[in-house]
Amino acid sequence: MSILRYQKPNVKTLNKNYFDNFKTELTVFSPGRINFIGEHTDYNNGFVLPTAIDKKIFFSFKKNESKKQCNIYSKNYDAFLTIDLDNVLPSEEEWENYILGVIKELQKRNATIEGFDCIIESELPIGAGISSSAALECGIALGLNSLFDLQFPSEELIKLSRDAEHNFVGTKCGIMDQFAVVMSKEEHALLLDCESLQYELIPVDIYPYKILLLNTNISHNLATSEYNKRREECEAGIEIIKKKYPAIDSLREVTFPILEEVKSDLSATVYNRCKYVISENTRVIEAVEKLKEGDLKSLGKLMYQSHEGLRDLYNVSCAELDFLVDFTLDHEQILGSRMMGGGFGGCTINIIHKDYTKKYIEEVSSAYKKAFQIDLTAIEVNPSGGTYVERH
Ligand code: GLA
């Protein structure tokens, strides 16, 4: 990544009239996402089952008089980001990089962006594994697409938002988060084929059960480096498999007999990573069948298996997440539980009976506090529609 970093301007003069003169031209609502199952499969060309949620980031956009200067205010950080469009470079601040990265990717695709102002307010916790980052990237991308009538199709905006994260943040993420944030539909999950980007909308009809996220409020800073390492380990597996099977390009195409055949050529770690990914892909397809049949118990079992794989084979869980999943095991009102997202902290996703939710939150919060001296946050969510733009 470039070591040139942009210089922070003096924003004191900006603040004075910024809010008084703010005449919103468009509002953007960009949601977080959950994932029922299919973790770390997206960058292996596999399957995922995410959906957007009813918790969002809100953006107000307007053009300003300038050709080159953009002034973005984050209410949550109470901070301004001022951008010179002739000089878009990575920043020291992570939240700024999601925005700068998207603008750079738009510019790379010859988009004509001029000066704009934007106010951002988020109800998504950061580092919770519900993709506040993709919500931010996609909100900026769809907002600018509309403000400057850039006419990029949704799929391109999704891809360039992902590229922004690769190039400005340094996480070599897959496409799941951005896709779910933009394309989701209310009351549905997306069965996404991350190779073809074809998807099927699966109704999420789980009444009297609910989706409950439990946020560990832990975000181990291993997340980015370990994430990229997992991706490299999967790629290393493919390189070796390719020697015998040159037509294979991703773990998506690898079967268990093939994996067993090459086992002695793989390190134990790489073997475990591959085994996890192949099993997880199968689980996603099964989970969709179970969801369609209304067989929530079987769906729940698959979620537990997913967690075990992430914990024991993929090694992306942590003590706090394992505690929360284990705690559900004696509670029959919870059908399934697993860690969600990249790992090393963030939330578990739980399928829980609606009548039991309140009592369970009290019980698990107190046990978690006792074990880790950390407050747990419970977030009830519903499958919702993707990012949308409202013109004023
Ligand atoms: C993060 C990444 C996604 C995906 C998940 C793990 O959320 O951004 O692309 O790989 O981790 O499933």
Side-chain angles (χ1 to χ4, degrees), residues 30-53 94 97-98 101-102 124-138 158-184 189-195 197 199 213 215-216 219-235 250-252 273 276-281 283-284 287 302-303 305-307 309-311 313-318 321 338-349:
S30 196
R33 66 103 189 87
I34 52 170
N35 186 21
F36 286 99
I37 198 160
E39 223 62 90
H40 288 273
T41 44
D42 58 352
Y43 54 82
N44 287 303
N45 281 355
F47 300 100
V48 291
L49 190 61
T51 180
I53 54 174
E94 189 163 298
N97 280 328
Y98 296 111
V102 166
L124 300 176
I126 292 163
I130 57 174
S131 227
S132 57
S133 46
L136 181 53
E137 293 151 6
C138 297
I158 290 169
K159 287 182 181 164
L160 72 84
S161 296
R162 180 223 26 216
D163 294 348
E165 192 148 336
H166 286 201
N167 298 330
F168 267 55
V169 183
T171 312
K172 304 290 180 198
C173 61
I175 197 84
M176 168 173 74
D177 300 348
Q178 292 78 8
F179 204 95
V181 162
V182 174
M183 303 301 279
S184 291
L190 282 174
L191 167 61
L192 174 65
D193 175 337
C194 298
E195 185 172 51
L197 294 190
Y199 66 96
L213 306 182
N215 188 357
T216 57
S219 180
H220 293 290
N221 53 13
L222 290 168
T224 295
S225 60
E226 287 296 318
Y227 184 93
N228 291 347
K229 205 162 139 200
R230 293 300 174 282
R231 189 170 181 151
E232 283 160 20
E233 287 162 347
C234 292
E235 284 162 6
S250 71
L251 286 177
R252 145 59 166 288
R273 307 301 190 235
Y276 162 76
V277 172
I278 300 168
S279 331
E280 183 76 348
N281 272 329
R283 280 192 287 267
V284 177
L302 291 164
M303 290 170 70
Q305 288 167 14
S306 168
H307 184 78
L310 289 159
R311 184 189 63 201
L313 298 174
Y314 219 67
N315 302 127
V316 289
S317 189
C318 61
L321 288 166
R338 59 176 208 88
M339 58 149 278
M340 194 179 70
F344 305 104
C347 290
T348 59
I349 174 170

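In listed order, ligands and their atoms are each counted from 1.
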Write out each pair where an N or O from ligand 1 and one from the protein are under 3.5 Å apart, with the distance.
{"from": "ligand 1", "atom 1": "7 (O)", "to": "Arg33", "atom 2": "NH2", "distance (Å)": "3.1"}
{"from": "ligand 1", "atom 1": "7 (O)", "to": "Asp177", "atom 2": "OD2", "distance (Å)": "2.8"}
{"from": "ligand 1", "atom 1": "8 (O)", "to": "Asp177", "atom 2": "OD2", "distance (Å)": "2.7"}
{"from": "ligand 1", "atom 1": "9 (O)", "to": "Asp42", "atom 2": "OD2", "distance (Å)": "2.5"}
{"from": "ligand 1", "atom 1": "9 (O)", "to": "Gly174", "atom 2": "N", "distance (Å)": "2.9"}
{"from": "ligand 1", "atom 1": "9 (O)", "to": "Tyr227", "atom 2": "OH", "distance (Å)": "3.4"}
{"from": "ligand 1", "atom 1": "10 (O)", "to": "Asp42", "atom 2": "OD1", "distance (Å)": "2.8"}
{"from": "ligand 1", "atom 1": "10 (O)", "to": "Asp42", "atom 2": "OD2", "distance (Å)": "3.4"}
{"from": "ligand 1", "atom 1": "10 (O)", "to": "Tyr227", "atom 2": "OH", "distance (Å)": "2.5"}
{"from": "ligand 1", "atom 1": "11 (O)", "to": "Gly342", "atom 2": "N", "distance (Å)": "3.3"}
{"from": "ligand 1", "atom 1": "12 (O)", "to": "Glu39", "atom 2": "OE2", "distance (Å)": "2.7"}
{"from": "ligand 1", "atom 1": "12 (O)", "to": "His40", "atom 2": "N", "distance (Å)": "2.7"}

Task: With Glu165 via salt bridge (Lys or Arg N to Asp or Glu O under 4.0 Å) - residues at least two apart - done: none
Task: Which residues share a side chain to side chain donor-acceptor pair (under 3.5 Å) with Ser161, sequence neighbours left out - done: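 If we apply the side chain to side chain donor-acceptor pair (under 3.5 Å) test to Ser161, skipping adjacent residues, there are no hits.
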Task: Test item: Leu197 and Leu192 side chains (from C-beta on) under 4.5 Å apart, heavy atoms - done: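 SC-SC contact between Leu197 and Leu192 confirmed.
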Open item on the list: Do the side chains of Glu232 and Lys229 get close enough for a salt bridge, i.e. N-O under 4.0 angstrom?
Closed with: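 So Glu232 does not pair with Lys229 through a salt bridge.
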Task: Closest non-hydrogen atom pair between Ala164 and Gly101, with its separation - done: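 Heavy-atom minimum between the residues: CB-C, 3.3 Å.
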- [ ] Kindly write out the residues that satisfy side chain to side chain contact (heavy atoms under 4.5 Å, CB included) with Ile126, not counting sequence neighbours, or none if the list is empty.
- [x] Tyr77, Ser132
